Amino acid sequence: MSRLVKKCPSVCTDLPLSNADVCGKLRLMMELLRSCYGPTARLKQVHNNIGGLVVTTSTSSVLLPAITSSHPLINVMKSSLLSHVHRFSDCGLFAAILCLSLVEQAKLSGVREHAVIRVNNHLLAMCISYLQQDGCSCKVSLDFCRSQNLIALARSVISSKPACVLTELESLHISRLAVHAFLLTVPCSIPGTVSLGKIVTVTIKGHSVLESAVFTGLLVDVPEDNFFDTKDSFSAPLLMVLFSASLAGDLCEVGEGVIQAHPHLDTASQILDQLLELGKQVVKDEVRVFVCQKVIHPVLQRFLRCHGVFVIERLGVALMEPLTQMTGAQPVATLHSTPPAVAYGKIRHLSVKQFGPKKLLHLQPFEESTVCTMVLCHRNETMLNELKVVSQKTEHVLRLTLREPSALLGGGCTETHLAAYIRHKCKNEVSETATGLGCSQTEYLLAVEGFCHSLEFVASSLEHDGGTSVSDLTHAHNWTFPPDILEEQMDGSVGFCGCGVVGSSSSTKWTFLKTEHPGFSPVPVVRDTPVQPSVLDSFAAKLSAFQVAVETANLALDVRYVIQDVN
């Protein structure tokens with residue numbers, strides 16, 4: 001009892017955003033995430049302080065979980081942002097930077113928190129309504145009969161992750177592979193309920209990225225001893241059986257319950273006999289490919305191979321679903337009954353694909369299949385791991401286009417265009433809108449300016465090399481000028497805007513981002529222009545990121561007390 005420590009009372013913090021320590025942590029978090037935003041971002045090395053691997057990344061799905069804080073408000077904001085990342089796989093850094101900038105602008109403006117929250121919700125609804133219109137100048141329709149915009153969308157996701165260390169040619173190659181693999185998973189002429197296929201990713205270290213490829217069917221890593229059994233006889237349509245139960249002959253695999261055995265009974269021989277009976281049955285049924293998720297007893301393997309059956313063991317749980325989807329086989333979960341005929345699947349062909357010294361067994365589908373394998377190659381393991389994560393996120397982003405076949409202009413152009421649109425729209429209806437939101441006109445205008453400033457702050461966060469971020473006063477797109485350029489030096493030699501749609505001319509007028517300038521109505525880009533956008537963002541992901549950013553910022557502004565248990 002002498003060592004008993006009395007329980008400490010919970011700590012109650014009033015107005016956490018008025019605390020200098022909390023604001024300092026939020027500012028540090030914003031600068032850290034901002035430095036990782038865009039194709040020229042700076043990388044971060046994440047390392048656990050008790051040991052483990054060092055991860056080099058700029059991806060939000062890796063960075064956000066690595067950011068730890070003892071303050072509950074910061075953890076709540078981080079959890080909200082991570083929820084968006086897990087659902088949409090893209091625009092995580094956009095949502096985080098916009099959210100933290102909105103909180104900071106609200107504190108700098110001096111406007112009452114409840115007034116800022118109401119104005120933020122009003123402006124969010126205005127942005128969502130505008131972006132969902134068919135005539136929105138930031139919106140691009142995706143045509144699945146033409147892959148150009150799909151490749152641009154995939155390339156935008158891939159090139160924004162500099163930890164992959166890809167050249168322009170390599171980035172384009174992986175983008176084309178990602179679109180090719182995605183289109184292979186979309187069924188073309190399958191009646192009834194439509195379900196998307198699977199992309200299985202295989203990584204190979206030590207080879208050029210340009211050696212990466214996409215194959216229909218599955219590529220399986222099997223011991224090299226098996227490759228000597230692949231003969232021309234395997235080129236015909238092959239009957240396949242798939243087991244999800246272990247065939248190693250262990251007693252633990254016979255089922256649950258109490259086992260009573262005669263003291264002189266050899267259980268190992270009994271189970272082996274059962275395995276051999278199973279082998280005789282599949283040989284009788286003319287099965288040519290025998291696959292098991294787990295281990296197969298060596299005696300059974302030898303028996304099957306002697307009868308011309310190709311054996312694959314230790315397939316792993318990750319490949320079970322794509323293999324059943326590709327072949328139509330039904331996994332057999334027991335060795336004590338004969339596999340029914342309906343459980344067998346079909347494979348058209350077996351072959352060997354070689355990448356340097358590594359050989360992979362290629363299982364090709366018997367009929368049209370929505371299962372494919374993407375083989376990713378890179379020079380070292382760190383870059384290869386990042387490339388694998390990015391390719392999986394790209395697949396998710398492309399799948400989102402099936403629900404909403406649209407994309408938004410990237411390169412910061414959507415943000416600057418929205419900022420100009422909001423300023424012009426709100427300027428014409430200050431009195432009635434401010435009255436409806438229950439705030440003064442001054443509070444309303446300050447909150448609107450803070451919202452637009454945050455949007456432009458996200459656009460300017462794409463620049464990390466000292467360049468100057470500006471916007472044109474015609475279409476309100478985002479541009480980047482060399483460092484230390486003067487306004488009178490801005491001419492028509494800039495090229496194209498961030499998204500690649502608008503070209504500069506000698507008559508173009510400019511304004512620096514995050515500075516005051518006359519309000520104007522952005523002019524839509526001519527629809528029949530031959531120039532296609534080179535940078536696109538996922539429509540569904542960015543729309544969700546807008547909502548999550550504003551709602552999370554409003555949540556932080558609305559917190560009055562934080563009660564924390566310190567025991």
Side-chain angles (χ1 to χ4, degrees), residues 11-34 60 64 67 69-85 91-128 415 418-419 422-423 426 430 433-458 461 514 542-564:
V11 175
C12 179
T13 305
D14 185 19
L15 295 174
L17 290 182
S18 299
N19 187 302
D21 181 53
V22 175
C23 291
K25 290 178 178 178
L26 289 176
R27 180 69 189 179
L28 178 63
M29 180 178 173
M30 181 172 67
E31 291 299 327
L32 185 150
L33 296 176
R34 184 191 181 198
S60 59
L64 287 174
I67 298 174
S69 175
S70 59
H71 200 279
L73 179 61
I74 298 177
N75 290 330
V76 168
M77 296 174 69
K78 187 185 74 171
S79 299
S80 176
L81 296 168
L82 270 174
S83 176
H84 161 79
V85 174
C91 298
L93 291 177
F94 166 83
I97 298 169
L98 178 60
C99 168
L100 294 170
S101 180
L102 287 171
V103 173
E104 183 179 69
Q105 289 300 313
K107 299 304 295 180
L108 292 174
S109 67
V111 181
R112 293 173 298 140
E113 284 82 359
H114 290 297
V116 174
I117 291 171
R118 286 193 290 269
V119 174
N120 283 350
N121 286 330
H122 170 70
L123 298 179
L124 172 64
M126 185 187 299
C127 289
I128 297 299
E415 289 86 332
L418 279 177
I422 291 171
R423 283 193 180 100
C426 294
V430 176
T433 306
T435 303
L437 295 175
C439 59
S440 67
Q441 295 185 26
T442 303
E443 288 179 323
Y444 176 69
L445 290 175
L446 286 173
V448 168
E449 188 58 34
F451 192 94
C452 296
H453 185 94
S454 295
L455 286 172
E456 293 177 341
F457 179 78
V458 176
S461 298
K514 300 178 289 182
K542 199 146 200 177
L543 216 61
S544 171
F546 262 116
Q547 294 175 309
V548 169
V550 175
E551 291 169 0
T552 305
N554 288 346
L555 172 66
L557 293 170
D558 200 29
V559 173
R560 173 75 182 182
Y561 297 102
V562 173
I563 301 173
Q564 186 176 6

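As the structure is a prediction and not an experimental result, all values here were calculated from the model. Values below: every heavy atom of this structure, side chains too, minus hydrogens, waters and symmetry copies.
Annotation for S60 and G92: closest pair OG-CA, 3.7 Å, computed over non-hydrogen atoms. Across every non-hydrogen atom of V116 and A106, the tightest pair is CG1-CB, 3.8 Å. Of all the heavy atoms in C99 and A549, the pair that sits closest is CB-O, 3.6 Å. Among all heavy-atom pairs drawn from I117 and D558, the shortest one is CD1-CB, 3.8 Å. Residues I128 and Q547 come closest through the heavy atom pair CD1-CG, 4.1 Å.
Every residue meeting the side chain to side chain contact (heavy atoms under 4.5 Å, CB included) condition with V76, not counting sequence neighbours, appears here in chain and number order: L555. Qualifying salt bridge (Lys or Arg N to Asp or Glu O under 4.0 Å) partners for R423, counting only residues two or more places apart in sequence or in other chains: E449, E456. Taking N121 as the reference, N554 meet the side-chain hydrogen bond (donor to acceptor under 3.5 Å, both in side chains) condition, with sequence neighbours excluded. Residues that satisfy the salt bridge (Lys or Arg N to Asp or Glu O under 4.0 Å) test with R112, not counting sequence neighbours, are E443. By the side-chain hydrogen bond (donor to acceptor under 3.5 Å, both in side chains) test, S544 pairs with H84, sequence neighbours left out. In this structure, S109 has no side-chain hydrogen bond (donor to acceptor under 3.5 Å, both in side chains) partners at least two apart in sequence or on a different chain. In this structure, the side-chain hydrogen bond (donor to acceptor under 3.5 Å, both in side chains) partners of E31, at least two apart in sequence or on a different chain, are R27. By the side chain to side chain contact (heavy atoms under 4.5 Å, CB included) test, L28 pairs with no residue at all, sequence neighbours left out. Every residue two or more places apart in sequence or in another chain that forms a side chain to side chain contact (heavy atoms under 4.5 Å, CB included) with A447 is listed here: V119.
In this structure, the separation between NE2 on H453 and CG on L102 is 10.5 Å, given to the nearest 0.5 Å. One distance of note links CE of M77 with CG of L64; it measures 11.0 Å at 0.5 Å rounding. Summarising the geometry, atom SG belonging to C452 is positioned 7.0 Å from atom CG belonging to L123; distances are rounded to the nearest 0.5 Å. Rounding to the nearest 0.5 angstrom, the gap separating the CZ atom in F457 from the CD1 atom in I97 is 7.0 Å. A distance of 3.5 Å separates CE in M126 from NE2 in H122, rounded to the nearest 0.5 Å.
Residue pairs meeting the salt bridge (charged side-chain N to carboxylate O under 4.0 Å, His left out) criterion with at least one member in residues 542-554, sequence neighbours excluded, are E415-K542, D537-K542. Residue pairs meeting the side-chain hydrogen bond (donor to acceptor under 3.5 Å, both in side chains) criterion with at least one partner in residues 91-102, sequence neighbours excluded, are S101-S454. Pairs engaging residues 69-78 under the side-chain hydrogen bond (donor to acceptor under 3.5 Å, both in side chains) rule: none recorded [sequence neighbours left out].
Between V111 and Y444 the shortest side-chain heavy-atom distance does not fall below 4.5 Å.
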- Item | CA sep, side-chain torsions, deciding dist, call: L17, V559, side-chain contact (heavy atoms from CB on, under 4.5 Å) | CA-CA 8 Å; L17 290 182; V559 173; over 6 Å; no
